[in-house]
Number of protein chains: 2
Amino acid sequence: MPRARTTETADRIRAAALELIAVKGVHQVSLREIAERVGVTKPALYYHFASRDDLVRSLVQPFIDEVEAALARFGPGADPRELLGAYFDAAYRHRDVTAMIMRDPSILAMVDLASAVGDWRRRIVTMLTGSDPALADVVRVQMAIGGLGDCTVVLPGAPAAPLREAVLDAACDMLRR
Amino acid sequence: MPRARTTETADRIRAAALELIAVKGVHQVSLREIAERVGVTKPALYYHFASRDDLVRSLVQPFIDEVEAALARFGPGADPRELLGAYFDAAYRHRDVTAMIMRDPSILAMVDLASAVGDWRRRIVTMLTGSDPALADVVRVQMAIGGLGDCTVVLPGAPAAPLREAVLDAACDMLRR
DNA sequence: GTCTATAGAGGGATAGAC
DNA sequence: GTCTATCCCTCTATAGAC
């Protein structure tokens, strides 16, 4: 019962699952549908993934890991543009996963990672405002993070580089007050 | 087979459904759970609501109606603080519903209202930027809307009036560039 | 207006052949 | 590594008594 192997078939299964879930939401997609799109049967999936949850987790994990790694490079008093830029880059690089999560955040609860995302926000707020910040400062950071994530998904047609600059400009303008 | 009646039991069913869905997500809550919390049996729900979808829709509809009514009061060249303030008020007044939607947006697809929400954003962007806006301007409006919705939910402990002012200050600072 | 009972569908997961 | 066949579970929804 190998778990989340990196065989070629496993990759095709992951790709099919990602596409379907991004469109329909996590809980609207059954293993039968995924298997059909790949061109195999349900039990075949269980050769590559220990369970449904195991499959879903393997979709999200690379994104989680990259954000964690990015945040780990910063500490208190970090430069806002660099910190938010690193977060944007991770969200944009995995924007297929980001879109999937934004469409149905319950996927995070499903793989028990909702607390991780909450942590990200709290850590960014702390790094950018210090301890015991005023409500106004917390609001500005929260709006920057929330809006940033939105833009990687709501404006899919926009070219990457200008979008990145526009988002960071707006976020930094808001934070500078 | 009455639909979405306003009897007292129907209200208790709606309240129970809202609480459960806000915590677990739409598709993690069954009619059995809702019925148990209310203290009745499943078939009793079907006396008050034509279907599962009918129940869910009756939860979201008042919020949708209020936002639509708020947006209808504005047109091209609207004052950003007033327009976003009206949107904030609707989101905050129904913040239990807003939280439910943000936790699991697939609820919108479920009741076929995702397009309505997309429309809101487009209409607000158009009213605040005019036609054929630059990417930078669209980004700022999208970030303002997204961040605004986030803050009504991410900062549940904050008192309403100061939160409202802080959010609108931040949004307007960002838009003024 | 609420109950018991049940139909009917579809889901996740496993056994065992090949 | 993939298949056929199957188990067991939970769900939505309905029928019909009270």
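All chains are named by letter (A, B, ...) in the order of the sequence lines, taking the proteins before the strands, and each is independently numbered beginning at 1.
Nucleotide dG1(D) holds its P atom 11 Å from the CD1 atom of Ile13(A), rounded to whole Å. Computed from coordinates, the Leu45(B) CG to dT14(D) C1' distance equals 14 Å when rounded to whole Å. Atom-to-atom, CG of Leu31(A) to P of dC3(D) comes out at 14 Å; the value is rounded to the nearest Å. Between the C1' atom of dT12(D) and the CD atom of Gln28(A) lies a distance of 15 Å, rounded to the nearest Å. One interatomic measurement links the two molecules: CZ of Arg52(B) to C1' of dT14(D), which rounds to 17 Å at whole-angstrom precision. Atom CG in Asp54(B) sits roughly 14 Å away from atom C1' in dA13(D) (whole-Å rounding). For the pair Glu33(A) CD and dG11(C) P, the computed distance is 7 Å after rounding to whole Å. What separates CD1 of Ile34(A) from P of dG10(C) is a distance of 17 Å, to the nearest Å.
Residue Arg37(B) places its CZ atom among more than 12 non-hydrogen atoms of other residues, nucleotides or ligands, all under 6.0 Å distant.
Hydrophobic clustering (ILVMFWY, side-chain heavy atoms < 4.5 Å, transitive): Val56(A) and Leu45(A) are in one cluster.
Distances shown here put every side-chain N or O of Ser30(A) at or beyond 4.0 Å from the OP1 or OP2 atom of dG10(C). Regarding contacts with the backbone of dC11(D), every side-chain N or O of His27(B) stays at 4.0 angstrom or more from both OP1 and OP2. Within the 4.0 Å cut-off from OP1 or OP2 of dG1(C), not a single side-chain nitrogen or oxygen of Thr9(B) is found. Note on Thr41(B): a side-chain N or O is less than 4.0 Å away from OP1 or OP2 of dC3(C).
The side chain of Arg32(A) approaches dG11(C) more closely than any other nucleotide in the set dG11(C), dC11(D), dC3(D). Nearest to the side-chain atoms of Tyr47(A) among the listed nucleotides dA13(C), dT4(C), dT2(D) stands dT2(D). Residue Val40(B) has its side chain nearest to dC3(C) when only dG1(D), dA13(C), dC3(C) are considered. When distances are taken from the side chain of Lys42(B) to each of dA13(D), dT4(C), dA5(D), the shortest belongs to dA13(D). Relative to the side chain of Ser51(A), the nucleotides dG11(C), dA13(C), dT4(C) differ in distance, and dA13(C) lies closest. The side chain of Tyr46(B) sits closest to dT14(D) out of dT14(D), dC3(D), dT2(D). Closest to the side chain of Pro43(A), from the set dT2(C), dC3(D), dC3(C), is dC3(D).
Residues Val139(A) and Asp169(B) are not in side-chain contact: their nearest non-hydrogen atoms beyond the backbone lie 4.5 Å or more apart.
Taking all atoms of both residues into account, the shortest heavy-atom contact from Arg12(A) to Val38(A) is NH2-O, 2.9 Å.
We find the NE2-CG distance between His27(B) and Asp104(A) to be 6.5 Å, quoted to the nearest 0.5 Å.
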